[in-house]
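Read the structure below first, then the notes.
The structure presented is a predicted model; accordingly, all values stated were derived computationally and were not measured.
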Amino acid sequence: MPTEPPVILLLSGSLRAASSNESALRTAESVAASAGVRTVRYAGLADLPHFNPDDDHDPLPGPVVELRTAIAEAAAVLICAPEYAGTLPGSFKNLLDWTVGGTEICDKPVAWVNVAAPGRGGGAEATLRTVLSYTGAAIVEPACVRIALGESAGEELRRVLALLAEAA
């Protein structure tokens, strides 16, 4: 009996529909089948309430339940987030803050793709590494890459998805 391919959750750190981060994740979606995985893109970033530790208990706000459920149901997570003012955008840091109190991302294979211009994006990567270490996520180092969008992006993203699937 054939098994279902692993599901990799795609998290964009940008609210802009036409961002390069969204473009990279659309490319990941287009090559997923050839990497032997299925992808699901989380689209609730703008709907998350501001993180407040006083609200991090049952019953959780609906958008937080949706986020944590999406993470729990995925075999692995791929993040593509821009750098704003030397770190992650506030909206995406807010998303990550909601994962700290849960256990869904603990030991889950996670990687990120940096599509920033050369010399940019290091602050976002450093913040991702810091916050993900607090959550207990299993960072898949070989899958954390910097890529340029273009013809070879699909091949590199296929490799990243395959590495995440192996780690799952």
Side-chain angles (χ1 to χ4, degrees), residues 8-29 37 39-53 56 63-64 67-68 70-72 74-150 152-168:
I8 297 178
L9 180 64
L10 305 177
L11 295 178
S12 175
S14 179
L15 291 170
R16 288 183 49 232
S19 76
S20 55
N21 301 281
E22 286 291 329
S23 178
L25 293 180
R26 283 191 299 275
T27 300
E29 286 175 316
V37 301
T39 58
V40 171
R41 188 166 348 167
Y42 174 74
L45 180 62
D47 299 326
L48 287 170
H50 295 291
F51 177 73
N52 179 342
D56 195 6
V64 176
L67 168 66
R68 288 186 178 178
I71 293 170
V77 178
L78 179 62
I79 297 168
C80 192
E83 179 179 272
Y84 290 155
T87 189
L88 291 171
S91 57
F92 194 71
K93 174 62 169 64
N94 183 60
L95 178 149
L96 293 175
D97 288 344
W98 278 111
T99 69
V100 173
T103 59
E104 298 81 8
I105 203 165
C106 187
D107 297 323
K108 187 151 313 234
V110 177
W112 56 82
V113 174
N114 182 339
V115 296
R120 307 290 296 252
E125 287 184 26
T127 304
L128 278 169
R129 186 174 302 284
T130 298
V131 176
L132 290 171
S133 72
Y134 278 94
T135 68
I139 298 172
V140 182
E141 294 294 343
C144 296
V145 298
R146 175 182 291 272
I147 64 168
L149 293 178
S152 64
E155 184 176 317
E156 183 65 9
L157 286 164
R158 184 179 302 113
R159 186 185 75 76
V160 165
L161 292 171
L163 286 169
L164 280 170
E166 282 178 29

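Side-chain contact between L11 and V77 is present, with heavy atoms from C-beta onward closer than 4.5 Å. Looking only at side-chain heavy atoms (C-beta outward), R146 and E156 stay at 4.5 Å or farther from each other. Residues W112 and V145 have side chains not in contact (no heavy-atom distance under 4.5 Å, counting atoms from C-beta outward). Inter-residue side-chain proximity for L15 and F92 is flagged as unmet; no heavy-atom pair is nearer than 4.5 Å. Between P89 and S14 there is no side-chain heavy-atom pair separated by less than 4.5 Å. Using a 4.5 Å cut-off on side-chain heavy atoms (C-beta onward), V115 and C80 make contact. Inter-residue side-chain proximity for D56 and N52 is flagged as unmet; no heavy-atom pair is nearer than 4.5 Å. Taking the side chain as every heavy atom from C-beta outward, R16 and E22 never approach each other to under 4.5 Å.
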Test side-chain hydrogen bond (donor to acceptor under 3.5 Å, both in side chains) on T135 and T99 and set out the steps.
CA-CA 7 Å; T135 68; T99 69; 5.0 Å; no
Audit row: L10, V40, side chain to side chain contact (heavy atoms under 4.5 Å, CB included) steps and yes/no
CA-CA 6 Å; L10 305 177; V40 171; over 6 Å; no
Using the side chain to side chain contact (heavy atoms under 4.5 Å, CB included) rule, take I147 and L157 through it: C-alpha gap first, then chi angles, then the decisive distance, then the call.
CA-CA 9 Å; I147 64 168; L157 286 164; 3.9 Å; yes
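Among residues two or more places apart in sequence or in another chain, the ring-ring contact (aromatic ring centres under 6.0 Å, His included) test is passed with Y42 by none.
Here the closest heavy-atom approach between residue P142 and residue L163 is recorded as O-CD1, 3.6 Å. Taking both residues in full, the closest heavy atoms of L45 and S91 are given as CD1-O, 3.3 Å, listed atom of the first, atom of the second, then distance. Between A167 and P109 the shortest heavy-atom distance is O-CG, 3.5 Å. For L149 against S20, the heavy-atom pair with the smallest separation is CD1-O, 3.4 Å. Between P63 and P49, the shortest heavy-atom contact is CB-CD, 4.2 Å. Here the closest heavy-atom approach between residue A124 and residue P82 is recorded as CB-O, 3.7 Å.
Atoms CD1 and CG, from I8 and L78 in turn, are 7.0 Å apart once rounded to the nearest 0.5 Å. N21 CG to R26 CZ: the interatomic distance, rounded to the nearest 0.5 Å, is 10.0 Å. Rounding to the nearest 0.5 Å gives a distance of 10.5 Å between CD1 of I79 and OG of S12. A distance of 8.5 Å separates SG of C144 from CG of L128, quoted to the nearest 0.5 Å. Separation of atoms NZ (K93) and OG1 (T130) is listed at 9.5 Å; rounding is to 0.5 Å. Expressed to the nearest 0.5 Å, how far OG1 of T39 lies from CG of L161 amounts to 7.5 Å.
At least one donor-acceptor pair closer than 3.5 Å links the side chain of N94 to the backbone N or O of F51. Put simply, the side chain of R68 gets close to the backbone of W98: a donor and an acceptor are under 3.5 Å apart. Checking side-chain atoms of S23 against main-chain N and O of S19 turns up no donor-acceptor pair under 3.5 Å. A donor-acceptor pair under 3.5 Å is formed between the side chain of K108 and the backbone N or O of I71.
Of the candidates R120, E125, E83, N114 forms a side-chain hydrogen bond (donor to acceptor under 3.5 Å, both in side chains) with just one, namely E125.
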